[in-house]
> 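This is the structure I have questions about; it appears just below.
Here is the naming used below: chain letters follow the sequence lines, and residue numbers restart at 1 for every chain.
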Amino acid sequence: MSRNIYQSLNSFLNRLERFIFFGHRGQPPLELALVGMPSVGLNAPNKSDRFSLKNLLGDGILWAVPKHRRTIEKRLNRKFGLPGYNWKPLVAKTNLRSCNQCGHDHELGVLCPHCYKKVEQETRLMQEKIEQKLGLEPIEHEVVVLYQGEQLEKNENGSNDRKVRVVEMEKPRPVWFSKNLMQKTTAQPADTKEVKPSNLG
Amino acid sequence: MNQADVSKLMSQLRIAVKPHRNLRNPDGPEGRLLKLRKTVTALVKHERIELYYNRADEARGYAELLISNAIRYGDRHKATMELADYWLLEKQLVHKLFKVLVPRLENCNFSYTRMYKAPRDYPGMYYRKSVLELRGNPYPSLLPDYTNNRNLIHNVLLDEARKDYRREKLAELADKIASESAVNAEKVGSEGDAKEAENVEKA
Ligand SMILES: [Zn+2]
């Protein structure tokens, strides 16, 4: 380390020397020829003298310079952190699963973002409609949301006198929000016979 | 044993209550309570809300207590009415609590509310999000739909029934085709005989 300091000091002195003597115009500036200063140019340093910091600094001290080498443990902890406290390298997540419905990835125990987005949008639309319909009146009946082309389900005794507030959505019921979960056993044959490709230019 | 059954003196919450957390508020405890009252009001009004996990978890207990007391004592009970008046900032919801939620949740054996962990952007905000909802709401379900899992017993049975149905249909179809082909074969056979006869005549 002292070697480095020696080298940098040396180069700095060299540069200072060059600036002082050859400055901008190649002449030593007159202002610097002060009385009482030992002229460096006249008494050129004896090259055989060994350089020592003690000569240079005298009784001075050095600030903000590491005094001791950091141990390898300290350096490794600074670089990689401590496992369990602040582990810096990237760690693989093992709590990710793919959704059974849509196949998107989600964290374990957390709703699937793709499915949740769908439900959230539909919920927001329904909430807006319900709020519009109910307004500020006292709410005394259950709300039933009907989509396009749907009718109120009848009571067990077949009468239609359920006391509910009907909120109608101006769109058909989304397929994924369907109440009919049965699938068709036999598919009906298609009506169309020829399928012409479109958008072929 | 002349002691009263404690569980019958007060409603027991049907959720696990976590320790009180310090929801910081510039207005102190009052502001904190106002925040919780707003949350309970929104829950009763919208029936499904998305908010930060801590706030939802804290407010959930109060919503549960309110509903369970409403079910237990009805709307003729002064203390319950005061409780409802305190927690519901919009007064039309007091009607909803006693006339809609009580009949709906009377026979509910589980908690009256549900809480889910909501997804959040990665890495996004540090705070966890959650969805808090009342049971029996009209919105689409948040739970994954397992009805299509083919290993469930009803799906196994339905699959077998479908197979049987198809087998029957195929058998019918095969019978039909067989009978038709037999008729055709007879026809072809008679035509062939006629042709043979012609040939014989030509020869
Ligand atoms: Zn999904």
> Do you know which of B/N137, B/L93, B/L142 has the most heavy-atom pairs under 4.5 Å to chain A?
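The candidate making the most pairs under 4.5 Å is B/L142.
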> Flag the pair B/P144 / A/Q101 as yes when at least one side-chain heavy-atom distance between them is below 4.5 Å, and no otherwise.
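Touching, per the 4.5 Å side-chain cut-off.
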> So for A/Q127, is it side chain, backbone, both, or neither that comes closer than 4.5 Å to the heavy atoms of chain B?
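It is both, since atoms from each part get that close.
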> I need the contact set between residues 27-45 of chain B and chain A: heavy-atom distance under 4.5 Å, sorted by residue number.
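Under the 4.5 Å heavy-atom cut-off, B/K45 qualify.
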> Only heavy atoms, only distances under 4.5 angstrom. Which residues in residues 49-65 of chain B are near chain A?
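Contacts with chain A: B/E50.
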> Could you tell me whether A/K117 atom NZ has more than 12 heavy atoms of other residues or ligands within 6.0 Å of it?
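Not more than 12 within 6.0 Å, no.
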> For B/S130, is it the side chain, the backbone, both or neither that has a heavy atom under 4.5 Å from a heavy atom of chain A?
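Neither part.
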> Against chain B, label A/H106 side chain, backbone, both or neither, depending on which of its atoms sit under 4.5 Å from a heavy atom there.
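The answer is neither part of A/H106.
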> For atom NZ of A/K171, is the number of surrounding heavy atoms from other residues, nucleotides or ligands below 6.0 Å larger than 12?
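Yes, the 6.0 Å shell around NZ holds more than 12 heavy atoms from other groups.
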> Name the one of A/I130, A/V145, A/V119 that satisfies side chain to side chain contact (heavy atoms under 4.5 Å, CB included) with B/Y139?
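With B/Y139 as partner, A/I130, A/V145, A/V119 yield a single side chain to side chain contact (heavy atoms under 4.5 Å, CB included), made by A/I130.
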> Mark yes when over 12 heavy atoms from residues, nucleotides or ligands other than A/R75 sit less than 6.0 Å from its CZ; otherwise mark no.
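Yes, CZ of A/R75 has more than 12 neighbouring heavy atoms, counting only those of other groups under 6.0 Å.
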> I'd like to verify something: which residue of B/K129, B/K99, B/E47, B/K91 has the highest number of heavy-atom pairs under 4.5 Å with chain A?
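The option with the most such pairs is B/K99.
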> Between B/V131 and chain A, which part of the residue has a heavy atom less than 4.5 Å away: side chain, backbone, both or neither?
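The side chain, not the backbone.
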> Would one find more than 12 heavy atoms of other residues, nucleotides or ligands at under 6.0 Å from atom NZ of A/K118?
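It does: A/K118 NZ has more than 12 such atoms within range.
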> Working to the nearest 0.5 Å, report the span between CD of A/E142 and NZ of B/K96.
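Going from the CD atom of A/E142 to the NZ atom of B/K96 covers 8.0 Å.
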> Between B/E133 and A/T123, is there a side-chain heavy-atom distance shorter than 4.5 Å?
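No. Closest side-chain heavy atoms not under 4.5 Å.
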> Tell me if the CG atom of B/L157 is crowded by more than 12 foreign heavy atoms within 6.0 Å.
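Check passes, neighbour count above 12.
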> Do other residues, nucleotides or ligands put more than 12 heavy atoms under 6.0 Å from the CG atom of B/D121?
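No, because the 6.0 Å sphere around CG of B/D121 holds 12 heavy atoms or fewer from other groups.
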> Within a radius of less than 6.0 Å around OH of B/Y127, do more than 12 heavy atoms belonging to other residues, nucleotides or ligands occur?
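Not buried by this count: 12 neighbours or fewer within 6.0 Å.
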> Provide the closest heavy-atom pair for B/P140 versus A/F177 in the form atom of the first, atom of the second, distance.
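Scanning both residues completely, I find the closest heavy atoms to be CA-CE1, 3.4 Å.
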> Of the listed residues (A/L134, A/N100, A/L136), which shares the most heavy-atom pairs with chain B below a 4.5 Å separation?
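Of the candidates given, the most pairs with chain B belong to A/L136.
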> Taking all non-hydrogen atoms of both residues, which atom of A/G135 and which atom of B/Q92 are closest, and how far apart?
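For A/G135 and B/Q92, the tightest heavy-atom pair comes out as O-NE2, 4.0 Å.
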> Quick one: CD on A/E131 to NE2 on B/H46, what's the gap to the nearest 0.5 Å?
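It is 5.0 Å, given to the nearest 0.5 Å.
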> Given the options B/A118, B/P119, B/P103, B/P138, which has more heavy-atom pairs under 4.5 Å with chain A than any of the others?
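Looking at each option in turn, the highest pair count goes to B/P119.
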> Starting at CZ of B/R120, measure out to CD of A/E107 and round the result to the nearest 0.5 Å.
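Atom-to-atom, B/R120:CZ and A/E107:CD are 6.5 Å apart.
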